[in-house]
Amino acid sequence: MNLFRLAGDMTHLVSVVVLLLKIHTIKSCAGVSLKTQELYALVFAARYLDLFVHFVSLYNTVMKLVFLASSFTIVWYMRRHKIVRRTYDKEHDTFRHHFIVLPCLVLGLLLNEKFTFREVMWAFSIYLEAVAILPQLVLLQRTRNIDNLTAQYVFFLGAYRVLYIFNWIYRYFTEPHFVHWISWIAGIVQTLLYGDFFYYYILSWKNNVKLELPA
Amino acid sequence: KSETVEHDEL
């Protein structure tokens with residue numbers, strides 16, 4: 001475990017905690033894309049299939065449980081909670097996310113480290129995570145006044161992947177044979193997708209103005 | 001190559 005990876009995991013944790021607290025405390029999910037949340041729940045479900053069969057460390061197991069629980073709780077809140085569900089911006093969250101799932105599944109079948117069920121699911125989850133933020137970014141472009149917590153959620157979610165890229169660079173130079181093309185390429189694509197969001201987020205933060213994403 | 005690939009990252 002290196003500092004970049006730990007910082008990345010903590011940043012990822014902060015992003016889901018920020019979102020969960022926002023939804024739980026103000027009972028609102030305005031500006032949050034349910035599709036992105038569903039995609040993330042699917043990412044964790046597909047990636048952590050080895051949760052009970054392959055023990056890496058206590059930290060690893062605990063974090064997997066936290067990410068699984070938080071992502072499914074958020075989806076539950078947005079679908080089932082009588083107050084929160086009414087604040088869901090249904091008419092703007094229209095990204096057809098099943099168009100994302102199928103290509104990622106096909107890619108997982110074609111490009112994986114080993115053609116076993118778990119490995120195909122793992123590769124699928126890596127590709128899916130790379131594009132899972134798209135519905136949320138599209139929704140932000142359509143949302144007039146983006147509330148800070150949602151913007152912070154997206155920012156931390158992007159920041160964690162940037163830190164992971166540093167982690168991969170570090171591990172590449174410190175561990176022999178540490179080569180994971182699938183994670184690396186998908187991780188870089190994922191980070192690039194946040195590119196313009198980061199630009200406008202930092203710009204709004206610097207000029208101390210409300211975050212606006214050009215449509 | 002071991003049966004399962006070692007994924008030690010989240």
Side-chain angles (χ1 to χ4, degrees), chain A residues 1-2 4-6 8-13 16 43-44 46-51 53-57 59-68 71 112-123 125-126 129 160-161 163-165 167-168 170-171 175 177-180 182-184 186-187, chain B:
Chain A
M1 169 67 82
N2 61 66
F4 297 116
R5 181 144 75 98
L6 185 63
D9 289 342
M10 291 305 108
T11 307
H12 191 189
L13 182 65
V16 288
V43 164
F44 294 134
R47 186 174 306 174
Y48 299 155
L49 293 172
D50 60 352
L51 182 60
V53 295
H54 176 224
F55 181 78
V56 177
S57 68
Y59 169 83
N60 187 273
T61 302
V62 167
M63 290 299 278
K64 283 175 176 175
L65 289 169
V66 166
F67 285 139
L68 278 167
S71 57
N112 49 63
E113 299 201 8
K114 206 173 177 58
F115 195 71
T116 63
F117 174 69
R118 249 184 18 224
E119 272 313 303
V120 168
M121 283 293 109
W122 182 83
S125 81
I126 293 288
E129 184 186 1
Y160 119 80
R161 219 54 187 164
L163 288 164
Y164 251 69
I165 289 175
N167 152 62
W168 290 325
Y170 177 86
R171 292 188 76 177
E175 297 173 27
H177 321 305
F178 182 80
V179 175
H180 284 286
I182 290 176
S183 308
W184 294 351
Chain B
K1 219 167 168 206
S2 69
E3 166 48 39
T4 60
V5 182
E6 297 291 308
H7 294 300
D8 64 350
E9 294 182 346
L10 289 170

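Just so we're on the same page: letters track the sequence lines, and every chain starts at 1. Computed from a predicted model, the values in this text were never measured in an experiment.
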Note to self: Can you list everything that forms a side-chain contact (heavy atoms from CB on, under 4.5 Å) with A:Ser183? Sequence neighbours excluded, please.
What the structure shows: A:Trp122, A:Ile126, A:Trp168, A:His180
Check: When heavy-atom pairs shorter than 4.5 Å are enumerated against chain B, which of A:Met1, A:Arg5, A:Arg47 gives the highest number?
Finding: A:Arg5
Next item on the list: Answer with side chain, backbone, both or neither: which region of A:Asp9 has an atom nearer than 4.5 Å to a non-hydrogen atom of chain B?
Entry: side chain
Item checked: Step-by-step ring-ring contact (aromatic ring centres under 6.0 Å, His included) determination, A:Phe67 to A:His12 -> CA-CA 9 Å; A:Phe67 285 139; A:His12 191 189; 4.2 Å; yes
Notebook entry, point to check: Quick one: side-chain contact (heavy atoms from CB on, under 4.5 Å) partners of A:Leu65, sequence neighbours excluded?
Noted result: A:Leu51, A:Thr61
Checklist line | Nearest heavy-atom neighbours spanning A:Val53 and A:Leu49 | finding: CG2-O, 4.3 Å
Margin query: Please classify the contact between A:Phe44 and chain B as side chain, backbone, both or neither, with a heavy-atom cut-off of under 4.5 Å.
Written below: neither
